[in-house]
Amino acid sequence: MKKIPDKNGRFGIYGGKFAPETLMAPIEQLQNAYFTIGKSSEFKKELNYYLKFYAGRPTPLYFAKDFSQYIGCHVYLKREDLAFTGSHKINNTLGQVLLAKKMGKTRIIAEKGAGEHGVATAAAAALFKLECEIYMGEVDVQRQSLNVYRMKLLGAKVNCVKSGSKTLKDAINEALRDWISSFKTTHYVIGSVVGFHPFPVMVRDFQSVIGRETKKQILKAEKRLPDYLVACVGGGSNSLGLFHPFYNYKNVKFIGVEAAGKGLDTDYHSATLCKGSPGILHGSFSYILQDNDGQIHPTHSISAGLDYPGTGPEHSFYKDSGRAEYHAMTDQQVLNAFHLLSELEGIIPALESAHAVSYLIENKKRFNPDDIIVVCLSGRGDKDVGEVARIEGVSL
Amino acid sequence: MKINERFELLKNENRNGLIIYLTAGCPDISFTENFIIQLEQTGVDFIEIGVPFSDPIADGPVIQKASQEALKNKVNLVSIFEMCKRLKRRISIPYLLMSYFNPVFRYGLENFAKDSNECGVSGVIIPDLPFEESLSFRTILDKYNVDQILFISSTTSLRRREMILKAARGFIYYIAVHGVTGIRDVLPDETYQDVANLRKKSKVPVAVGFGISNQQQVKRLKGCADGIIIGSYVMKEIMAGNHEFLLETLKNFLSILKSS
């Protein structure tokens, strides 16, 4: 079987290394480090130690009894919300920051939307004693003041990005600009399966712990593999982390759920795979949201973690090859899911994860009573309660 | 005029070339067009016309701002090619297009190469298309007789330098600083030595860009490069409305590049 990605970082036609020349040397250095140090058994052993004792892995695979009854089949929740810092993001940041330390880097930079990547990076940097700076769009700084303070408590410097649309994509632009100037001492921890090779494959590998655990856990619980894996897709790291270890089991269907925002027929969504077209953004060839001139489109989603106009090249490959199907849920459907799961199971999901939950709710009829579905509950919703209260007009 | 013809001329006149970058459409497209005429009259050797992009990751604040201004004016490749078509009759110095890859990809690589040729564009600079990803587009551009300009920076490994030099067309764009575009008071000392060494190995001329804005830099580069590229400094003065002052400064740079 052909290796995916190939040595040039191509997943079929997608991926690659569309980087400014100045970054080609650090990218090559990272590639070498990842495929030697990062693949060594000592590194894996050390990383596993921190995943277990620092991040609290393995996370449970929880049989959601009442939610299952509501949907009409067997639904398990992979509880990434119980990983330290509140989401799956820590799996990747521990891996990358540990690798950066082994490479002799002394400084870490990262971008942050309103998901948990910034906090997870700041925590890992504090743990491994590396200096840390986080780039965050001005719009996100305003709607995420508590998270900004959390990162400061962890010793990180937070840079407010005022360029472009002042959101996640602009934070990535600014972090890349920093890296172009600072790569000798600095590693850029990209938070998702996006960017130039080797980032998409490296982040996927670090997140694959989700799927590997799930496989063991479901076999123990049900003595067979699941029929469906369902996860939200922005950049796409929690979904690929869950999907990838099941890639060769063709009976396990993959469902990725994007943000339809105010509706796919409006301009206010982030449904890159459902509505976008192939193009080049942030270093790789993948589906993106763009206008006729190839300018990147502004996005909208109730969950800022999905508010991104691109997606991982491996998802684009899955889409074209039919290995995964992609759907999108609106803000309103997601809010319903947010409430329903909280009430039925006592679990407040992150708005990102609520997209995956919402797909099940709106497509109940699709599933048979014997079907086993694993939903990646990628993060906890505590960070979102303020925003939900605001949207629903509840004063706190 | 083709790029190599202009460098031939420069060689015969024993001087270095001055390449001026302008973001097309900042403050508006007719300004860009008319200012290019003035630049030729001032003695500038090449024009690099920047296609605005929403996410210019290799650019500093000045060109980011200029790009946003241009995008507000709805400038796109269609209006830029129209301008180039007019320039073909109005100027004789070579002009190149600088664009991030996505607008070009969206326009269609073949269409882009064809229209470049028809509109007199002599070369194309794509900052996010490194050597490894450049072959298929280069093949198309070759067919239409348009030079694909490749980059080298001080961090480019020897192995990659050899490949890039072998594939070079027009000139090598040497990136003078570790960083994004923008004005720097001084360039790293290693830049000058590295450029001088590179020039000995390169079959095409070497032009240096990123960070250049003052006389001292121009004087020092004169000794080691075939051309210098100025962008952010130009756009900063344009956005501040200092056009006359800018042209005077460029005249000064040109006289430095001329003197032996």
Side-chain angles (χ1 to χ4, degrees), chain A residues 7-10 13 15-29 32 161-165 169-186 195-197 277-286 288-298 309-310, chain B residues 51-61 64-65 67-68 70-71 74-80 99-108 112 125-134 150-157 159-161 164 172-182 184 210:
Chain A
K7 64 178 173 35
N8 301 315
R10 290 284 184 161
I13 59 170
K17 272 188 219 179
F18 295 87
E21 178 58 33
T22 314
L23 282 181
M24 292 305 280
I27 288 170
E28 219 163 71
Q29 187 198 19
N32 290 338
V161 176
K162 296 189 165 103
S163 59
S165 61
K169 87 174 165 68
D170 307 283
I172 294 180
N173 292 342
E174 217 48 59
L176 283 169
R177 290 178 188 124
D178 180 315
W179 203 36
I180 290 173
S181 317
S182 65
F183 56 82
K184 287 201 168 147
T185 59
T186 301
F196 10 75
H197 182 61
S277 53
I280 299 99
L281 174 67
H282 294 146
S284 68
F285 181 53
S286 192
I288 59 175
L289 291 171
Q290 56 185 328
D291 67 14
N292 286 336
D293 294 332
Q295 307 295 343
I296 306 307
H297 226 276
Chain B
V51 179
F53 183 50
S54 52
D55 295 79
I57 56 171
D59 284 302
Q64 286 174 43
K65 197 176 160 205
S67 304
Q68 283 194 338
L71 287 175
K74 309 258 179 251
V75 168
N76 60 15
L77 274 169
V78 176
S79 53
I80 291 171
S99 175
Y100 285 85
F101 197 37
N102 199 53
V104 175
F105 179 79
R106 184 77 178 174
Y107 194 83
F112 180 91
I125 304 171
I126 311 277
D128 57 347
L129 192 70
F131 176 78
E132 282 76 353
E133 304 287 354
S134 66
L150 293 170
F151 290 89
I152 285 182
S153 89
S154 67
T155 56
T156 306
S157 66
R159 181 182 65 84
R160 296 189 64 252
R161 278 181 189 219
I164 294 166
I172 288 287
Y173 191 132
Y174 185 90
I175 300 168
V177 298
H178 292 170
V180 293
T181 59
R184 315 289 202 281
F210 282 43

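A note on names: the letters A, B, ... follow the listed sequences, proteins ahead of strands, and every chain is numbered from 1.
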Original post:
Can you name the nearest heavy-atom pair linking G179(B) to S181(A), along with the distance?
Top reply: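 Scanning both residues, the minimum pair turns out to be CA-OG, 3.5 Å.
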**OP:** List the atom of R106(B), the atom of S277(A), and the distance in Å for their closest heavy-atom pair.
**Re:** NH1-OG, 3.0 Å
Heavy-atom pairs under 4.5 Å with chain B are the metric here; pick the option from [options] that has the most.
{"options": "K17(A), E28(A), K169(A), R177(A)", "result": "R177(A)"}
{"options": "W179(A), F196(A), F183(A)", "result": "F183(A)"}
{"options": "N8(A), I296(A), L176(A)", "result": "I296(A)"}

Straight-line distance of [X] [atom1] to [Y] [atom2], nearest 0.5 Å:
{"X": "S67(B)", "Y": "Q295(A)", "atom1": "OG", "atom2": "CD", "result": "9.0 Å"}
{"X": "I80(B)", "Y": "D293(A)", "atom1": "CD1", "atom2": "CG", "result": "9.5 Å"}
{"X": "D170(A)", "Y": "I57(B)", "atom1": "CG", "atom2": "CD1", "result": "12.5 Å"}

Original post:
Which region of P127(B), side chain (C-beta onward) or backbone (N, CA, C, O), has a non-hydrogen atom less than 4.5 Å from a non-hydrogen atom of chain A, or is it both or neither?
Top reply: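 For P127(B), the backbone is the part near chain A, not the side chain.
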Subject >> Region of L71(B) in contact with chain A, defined by heavy-atom distances below 4.5 Å >> reply: side chain
Original post:
Which region of L23(A), side chain (C-beta onward) or backbone (N, CA, C, O), has a non-hydrogen atom less than 4.5 Å from a non-hydrogen atom of chain B, or is it both or neither?
Top reply: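 The answer is neither part of L23(A).
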Original post:
Which bit of D291(A) comes within less than 4.5 Å of chain B, counting heavy atoms only: side chain, backbone, both or neither?
Top reply: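 It is the backbone, since no side chain atom gets that close.
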Short question: side chain of [X], backbone of [Y] - any donor-acceptor pair under 3.5 Å?
{"X": "T155(B)", "Y": "A25(A)", "answer": "no"}
{"X": "E21(A)", "Y": "I152(B)", "answer": "no"}
{"X": "R160(B)", "Y": "M24(A)", "answer": "no"}

Original post:
Between Q290(A) and N102(B), does any side-chain donor sit less than 3.5 Å from a side-chain acceptor?
Top reply: yes
Subject >> Pair Y100(B) + F18(A): ring centers closer than 6.0 Å >> reply: no
Subject >> Stepwise side-chain contact (heavy atoms from CB on, under 4.5 Å) check, Q64(B) with S163(A) >> reply: CA-CA 8 Å; Q64(B) 286 174 43; S163(A) 59; 3.4 Å; yes
